[in-house]
Amino acid sequence: MMAQYLTLKAEAEDCLLFYRMGDFFELFFDDARIASGVLDIALTSRGEHGGEKIPMCGVPVHAATAYLQRLIKAGHRVAIAEQTETPAEAKARGGSKALVARGIVRVVTAGTLTEEALLDAKCDNWCVAIGEAGGAVALAAADISTGRFVVIDVKPDALGAELARLAAAEVVAAENAAHAEAATTLRPSATFDSGSGEDRLKRLYGVATLDGFGQFSRAGLSAAGGLVAYLDHTAKGALPFLRPPVLSQAAGAMAIDAATRESLELTQTANGQRKGSLLDAVDRTVTGAGARALAGDIGAPLMDRDAIEARLDLVQHFHDDAALRERLRAALRALPDIGRAIGRIAAGRGSPRDLGQLRDGLDGAWALSEQLTDGPPLLRETTPRLRGHGELIDLLRRALVPSPPIEASEGGYIAAGYDVALDDLRDAGAGGRRAIAALEAEFRQKTGIAALKIRHNGVLGYHVEVPARSADALMKPESGFTHRQTLAGVVRFNTPELHEVASKVAQAGAHALAAEAAHLEELTAAALASREAIAATADALARLDVASGLAERAVEGGWVRPELVDHACFDVTGGRHPVVEAAVARSGERFVANDCSLSEASRLWLVTGPNMGGKSTFLRQNALIAVLAQAGSYVPATHAKIGLVDRLFSRVGASDNLARGRSTFMVEMVETAAILAQATPRSFVILDEVGRGTSTYDGLAIAWAVVEAIHEDNRCRCLFATHYHELTRLAERCEALSLHHVRAREWKGELVLLHEVSEGPADRSYGLAVARLAGMPPTTVARAKAVLAKLEAGRAKTGGLAAGLDDLPLFAAAAQIEEEQCDAIRAEVEKLDVDALSPREALDALYKLKALAREG
């Protein structure tokens, strides 16, 4: 047995091997040590190998899915070795001591899952391959749970952004690939040969040429062929369902790099959670397929204006017709996930319940299509795909019981009346069971033993069972009973009459199960014959769910349809941050909406103001509005006119990347460099506090240079938040730079943050007021204020941090010396008209003066 195991383990390579032994999957040696630690199960030993005990652990076959889930989540791959013959077949082949043959039937990896329990219903499960040829790069992505297959040509410098968008569960590449470091799984280079890939695709789809699918690049053929080869390897020849490949260009979607996705938390938060992301705040879908489609839309906003408008037309159709929207959402909510059901069936892991889901889902889709009689072009295009399955629906409706079971081994899923012969076998079995009940009554009367029962188990089959105290009479040869087994409290017997009836029951049952299995195979074949049309219906249902869900969200939040234009503008009135607004609403407060108007004459906004004043929220909300608009959604604003954004960049927040030896400042500089290198006049950039991670002079110099570069070279739409107030002097010579600030006021010694964006620079940074608000000790705040006064006095004499910058070639304006601040208490006292004060006004004035004194 161990020799067989070691042979299979060598074939499994770096996978943990689940070795089937009866009702358990066993693991040995290092596999057992790893699995026992991950699964928290007992590590035992069995026999010896090389003179040492063999470590061993195991999991029950019936519960294997739950254990697989934990192993896959921990980053492991698992090879499943099943028995490929029965013990009887093994005995017939090699005698009583012959070992049952086993073989690896499947390799379970993160990117090749189809089981419902192992997948998140709301997330795609992409397995991605990286292909390279002649310096070009392409990705092939497949979600085998639904059959989706996409081939994407990408520029080498955009590979990371595209992988971040797909959020692949597994990335496969050739061992010698230039981008192998981006992969989680490496495969032989020969499987990524573009010529072999082309042949592999032709065989898969049974075509002589791939021209019907589009024009594949050599890199695309390398990626697609490598991916198909890998999926074939993991499925051990039983290749899963792959729909015809869809060719795509990364340029067809808004480019969003990994850092920007993480910063904006588009589909998940920084800690990997869906809750708290933009997707979570927007999602009102009612099906898993709809949630997956919405995540794809937000992850890849479109660049095709006509396609965006088509999506918006469909959202508006459901937005304006509340009754239709409610009927549609109620109908969708009741439908099963037919996309993943057909994926499981095609992968050979389907069940009678999956066929029942196809029946119910396709029938519901047909009924839904009859309610959607007219509407915008995308609806008219979508509705026909909901129909066309009448013959399959009728077949499954006649063949299956209303609620088919998950397990097929016990039978009971074929409906009565579908097969007369099967009904006869069931009747024979039922008649036999009635005969057994009659025999039980007869034996009780004949023996006088009232406690006599006829029972059944997997070892003895049907047998007579009596209490031990009553067994003596049945032990006599003339009784007609044959002793089979003695237990602590009961004794078991058999009789010729019972054996004859039981044989008929068993034979009828076996024949019935075989007949049901044959019907299951026929029904499965019928479903697979329509798998591409079924997948198209699943896509249509998902698109309807996305559109009606976005319409629901728009009505719920008072969102508006964006107006899309081809020139570079960004004019938003009353814009709001959807995630922050929801959080503020839960606390019973009101979110402060703000306008943003970027145009050719004012394409760069320099935003100043205190910390916690809302600068970062303002920057992010406008970036998210651009994402939502091009994803085909209404946006959280009262008006929005947006020029299409080709690339979105966000440099907001800071974090170390210790694993790659990068400090916070280094990460910031790398990301800022990428923006300056890639942003175009059609891009949208948000930058927050560039330069803060180093010395004041270095930081100001870097921030100053970055503003100049964005204004003069990139010429993109940009929101730039900063605490370097010296940068406001750039407005004197940068004609497209506009100054803005988030408003704040000090009242009775307290800082009041208004969260309003207004024109002009901030009067000061309010840093000490924020420090006091954060709970810094008063003595420390007082000392900081004294130091600040000294620094500002020195800056006034020298011309400040920005002294001399205007002498650079780009700037020649005279330096402006900041005026010294007045003594706040003296100014307040001098404003008082003591003779005109009422007692109450005098008291208020004293409180105000005392508050000012505390500040000092």
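The figures that follow rest on heavy atoms only: side chains count, while hydrogens, waters and symmetry mates do not. This structure is a prediction, so every number in the text was calculated from the model and none was measured.
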**Q** Going through the checks in order, is the salt bridge (Lys or Arg N to Asp or Glu O under 4.0 Å) test met by Glu82 and Arg20?
**A** CA-CA 5 Å; Glu82 286 279 7; Arg20 178 73 178 264; 2.9 Å; yes

**Q** Which heavy atom of Leu528 sits nearest a heavy atom of Ala346, and at what distance?
**A**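 Leu528 and Ala346 have their closest heavy atoms at CD2-CA, 3.5 Å.
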
**Q** Glu198 vs Arg218, test: salt bridge (Lys or Arg N to Asp or Glu O under 4.0 Å). Steps then yes/no.
**A** CA-CA 9 Å; Glu198 182 175 3; Arg218 302 311 297 179; 3.6 Å; yes

**Q** Do the side chains of Glu552 and Arg325 get close enough for a salt bridge, i.e. N-O under 4.0 angstrom?
**A**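 A salt bridge links Glu552 with Arg325.
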
**Q** Salt bridge or not between Asp14 and Arg77? Use side-chain N to carboxylate O under 4.0 Å.
**A**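 Judged by the 4.0 Å cut-off on N to carboxylate O distance, Asp14 and Arg77 do form a salt bridge.
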
**Q** Just wondering, do Leu242 and Leu227 contact through their side chains at under 4.5 Å, heavy atoms?
**A**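 A side-chain contact is absent here, since even the closest heavy-atom pair is not under 4.5 Å.
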
**Q** What's the separation between atom CG in Leu204 and atom CG in Asp199, rounded to the nearest 0.5 Å?
**A**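 The distance works out to 12.5 Å.
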
**Q** Rounded at 0.5 Å granularity, tell me how far OG1 in Thr285 sits from CG in Leu332.
**A**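 So the OG1 of Thr285 and the CG of Leu332 are separated by 10.0 Å.
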
**Q** Check the pair Leu71, Phe18 against side-chain contact (heavy atoms from CB on, under 4.5 Å), reporting the backbone distance first and the verdict last.
**A** CA-CA 11 Å; Leu71 288 170; Phe18 268 33; 3.7 Å; yes

**Q** Could Arg329 and Glu326 be called an ion pair, given the rule that one side-chain N must be under 4.0 Å from one carboxylate O?
**A**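 Salt bridge: no.
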
**Q** So how far is it from Arg340 CZ to Asp354 CG, rounded to the nearest 0.5 Å?
**A**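 Taking CZ in Arg340 and CG in Asp354, the distance rounds to 12.5 Å.
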
**Q** For the CD atom on Glu181, are there more than 12 heavy atoms of other groups (residues, nucleotides or ligands in this structure) within a distance under 6.0 Å?
**A**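 Check passes, neighbour count above 12.
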
**Q** Between Arg261 and Gly299 (side chain of the first, backbone of the second, donor and acceptor by atom type, cut-off under 3.5 Å), is there such a pair?
**A**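 It does hold such a pair.
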
**Q** What's the shortest heavy-atom distance between Leu8 and Gly103, and which atoms?
**A**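 Shortest heavy-atom contact: CD2-CA, 4.1 Å.
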
**Q** Could you tell me whether the side chain of Arg70 and the main chain of Leu39 form a donor-acceptor pair under 3.5 Å?
**A**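 Yes; at least one donor-acceptor contact below 3.5 Å.
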
**Q** Look up atom OG1 in Thr269 and atom CG in Leu264, then write down how far apart they are to the nearest 0.5 Å.
**A**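 That separation rounds to 13.0 Å.
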
**Q** With no hydrogens and no angle check, is any side-chain donor or acceptor of Arg647 less than 3.5 Å from a backbone partner on Asp257?
**A**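 No, Arg647 side chain to Asp257 backbone: no donor-acceptor pair under 3.5 Å.
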
**Q** I need the minimum non-hydrogen distance between Arg380 and Pro384, along with the two atoms involved.
**A**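 So the two residues come closest at O-CD, 3.0 Å.
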
**Q** Looking only at heavy atoms, what is the nearest atom pair of Ala229 and Thr191, with distance?
**A**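 Closest approach of Ala229 to Thr191, heavy atoms only: CB-CB, 4.0 Å.
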
**Q** For the pair Arg284 (side chain) and Ala551 (backbone), establish whether a donor and an acceptor sit closer than 3.5 Å, ignoring hydrogens and angles.
**A**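 Flag not set: sc Arg284 to bb Ala551 has no pair under 3.5 Å.
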
**Q** Heavy-atom count check: over 12 atoms from other residues, nucleotides or ligands less than 6.0 Å from Lys202 NZ?
**A**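 Yes - once you tally the heavy atoms of other residues, nucleotides and ligands closer than 6.0 Å, there are more than 12.
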
**Q** Indicate yes or no for a side-chain donor-acceptor contact from Asp124 to the backbone of Trp126 under 3.5 Å, with no hydrogens or angles considered.
**A**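 No.
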
**Q** In Å and rounded to the nearest 0.5 Å, what is the CD1 to OG1 distance from Ile72 to Thr112?
**A**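 Here the rounded value is 7.0 Å.
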
**Q** Can Asn125 and Ser145 be counted as having a side-chain donor-acceptor contact under 3.5 angstrom?
**A**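 Looking only at side-chain atoms, Ser145 and Asn125 do not form any donor-acceptor pair under 3.5 Å.
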
**Q** Less than 4.5 Å apart, side chain to side chain, heavy atoms only: is that true for Leu644 and Ile308?
**A**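 Yes, side chains in contact.
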
**Q** Would you say that Pro404 contacts Arg359 through its side chain, given a criterion of any heavy-atom pair below 4.5 Å between the two side chains?
**A**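 Side-chain contact under 4.5 Å: yes.
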
**Q** Quick one: salt bridge (Lys or Arg N to Asp or Glu O under 4.0 Å) partners of Arg106, sequence neighbours excluded?
**A**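 Partners of Arg106 under the salt bridge (Lys or Arg N to Asp or Glu O under 4.0 Å) test: Glu115.
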
**Q** Apply side-chain contact (heavy atoms from CB on, under 4.5 Å) to Val107 and Tyr230, showing your working.
**A** CA-CA 10 Å; Val107 176; Tyr230 179 66; 5.7 Å; no

**Q** Can you find a heavy atom in the side chain of Val228 that is under 4.5 Å from one in the side chain of Arg203?
**A**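 A side-chain contact is absent here, since even the closest heavy-atom pair is not under 4.5 Å.
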
**Q** When you compare the side chain of Leu247 with that of Phe216, does any pair of heavy atoms fall below 4.5 Å?
**A**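 Yes; the side chains approach each other to less than 4.5 Å.
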
**Q** Could you walk me through whether Val108 and Leu113 satisfy the side-chain contact (heavy atoms from CB on, under 4.5 Å) test, starting with their C-alpha distance in whole Å, then the side-chain angles of each, then the deciding distance to 0.1 Å, before giving a yes or no?
**A** CA-CA 7 Å; Val108 184; Leu113 303 175; 3.5 Å; yes

**Q** Can you run down the salt bridge (charged side-chain N to carboxylate O under 4.0 Å, His left out) pairs that involve residues 393-407, sequence neighbours left out, and say none if there aren't any?
**A**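 Salt bridge (charged side-chain N to carboxylate O under 4.0 Å, His left out) check on residues 393-407 returns Asp363-Arg397, Asp394-Arg398.
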
**Q** Under a 3.5 Å cutoff, is there a donor and acceptor pairing between the side chains of Ser277 and Asp280?
**A**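 No, no side-chain donor-acceptor contact under 3.5 Å.
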
**Q** Has Ser548 got a side-chain atom pairing as donor or acceptor with Leu544's backbone, closer than 3.5 angstrom?
**A**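 Confirmed, Ser548 side chain pairs with Leu544 backbone.
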
**Q** Give a yes or no answer on whether the side chain of Thr537 reaches the backbone of Leu386 with a donor-acceptor pair at less than 3.5 Å.
**A**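 No.
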
**Q** Kindly give the heavy-atom pair with the smallest separation between Asp153 and Ser217, and that separation in Å.
**A**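 Here Asp153 and Ser217 meet closest at OD1-OG, 2.6 Å.
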
**Q** Just to verify, which of Asp297, Asp306, Asp304 counts as forming a salt bridge (Lys or Arg N to Asp or Glu O under 4.0 Å) with Arg311?
**A**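 The salt bridge (Lys or Arg N to Asp or Glu O under 4.0 Å) with Arg311 is passed solely by Asp297 among Asp297, Asp306, Asp304.
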
**Q** Any side-chain to backbone donor/acceptor pair from Tyr413 onto Gly356? Under 3.5 Å, distance only.
**A**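 Checking the backbone N and O of Gly356 against the side chain of Tyr413, no donor-acceptor pair under 3.5 Å is found.
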
**Q** Mind telling me whether Tyr205 and Phe149 have parallel, tilted or perpendicular rings, with 30° and 60° as the class edges?
**A**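 If you compare the ring of Phe149 with that of Tyr205, the planes turn out parallel.
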
**Q** Should Thr109 and Thr184 count as side-chain neighbours, where that means a heavy-atom distance under 4.5 Å?
**A**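 Heavy-atom side-chain distance check fails, nothing below 4.5 Å.
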
**Q** Could you tell me whether Asp283 and Arg274 have a side-chain N and a carboxylate O separated by less than 4.0 Å?
**A**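 Looking at Asp283 and Arg274, the cut-off is met.
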
**Q** Can a side-chain donor-acceptor contact be found between Thr382 and Arg543 if the only test is distance below 3.5 angstrom?
**A**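 No, no side-chain donor-acceptor contact under 3.5 Å.
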
**Q** Using the side-chain contact (heavy atoms from CB on, under 4.5 Å) rule, take Val172 and Phe192 through it: C-alpha gap first, then chi angles, then the decisive distance, then the call.
**A** CA-CA 10 Å; Val172 187; Phe192 282 82; 4.0 Å; yes

**Q** Atom CD1 of Ile338 and atom CG of Leu362: how far apart are they, to the nearest 0.5 Å?
**A**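 Reported value, rounded in 0.5 Å steps: 4.5 Å.
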
**Q** For Glu132 and Ala177, indicate whether the former's side chain and the latter's backbone hold a donor-acceptor pair under 3.5 Å.
**A**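 Not confirmed, Glu132 side chain does not pair with Ala177 backbone.
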
**Q** Of all the heavy-atom pairs spanning Arg385 and Ala540, show the shortest one and how long it is.
**A**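 Where Arg385 meets Ala540 most closely, the heavy atoms are CB-CB, 4.1 Å.
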
**Q** Between Gln371 and Leu328, is there a donor-acceptor pair closer than 3.5 Å when you use the side chain of the first and the backbone of the second?
**A**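 No, because the side chain of Gln371 does not come within donor-acceptor range (under 3.5 Å) of the backbone of Leu328.
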
**Q** Ignoring hydrogens and angles, state whether a donor on the side chain of His389 or Ser530 is under 3.5 Å from an acceptor on the partner side chain.
**A**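 Looking only at side-chain atoms, Ser530 and His389 do not form any donor-acceptor pair under 3.5 Å.
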
**Q** Within the 4.5 Å heavy-atom criterion, are Leu648 and Gln630 side-chain neighbours or not?
**A**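 The answer is no; the side chains never approach within 4.5 Å.
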
**Q** Would you say that Ile298 contacts Ser633 through its side chain, given a criterion of any heavy-atom pair below 4.5 Å between the two side chains?
**A**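 Not in contact.
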
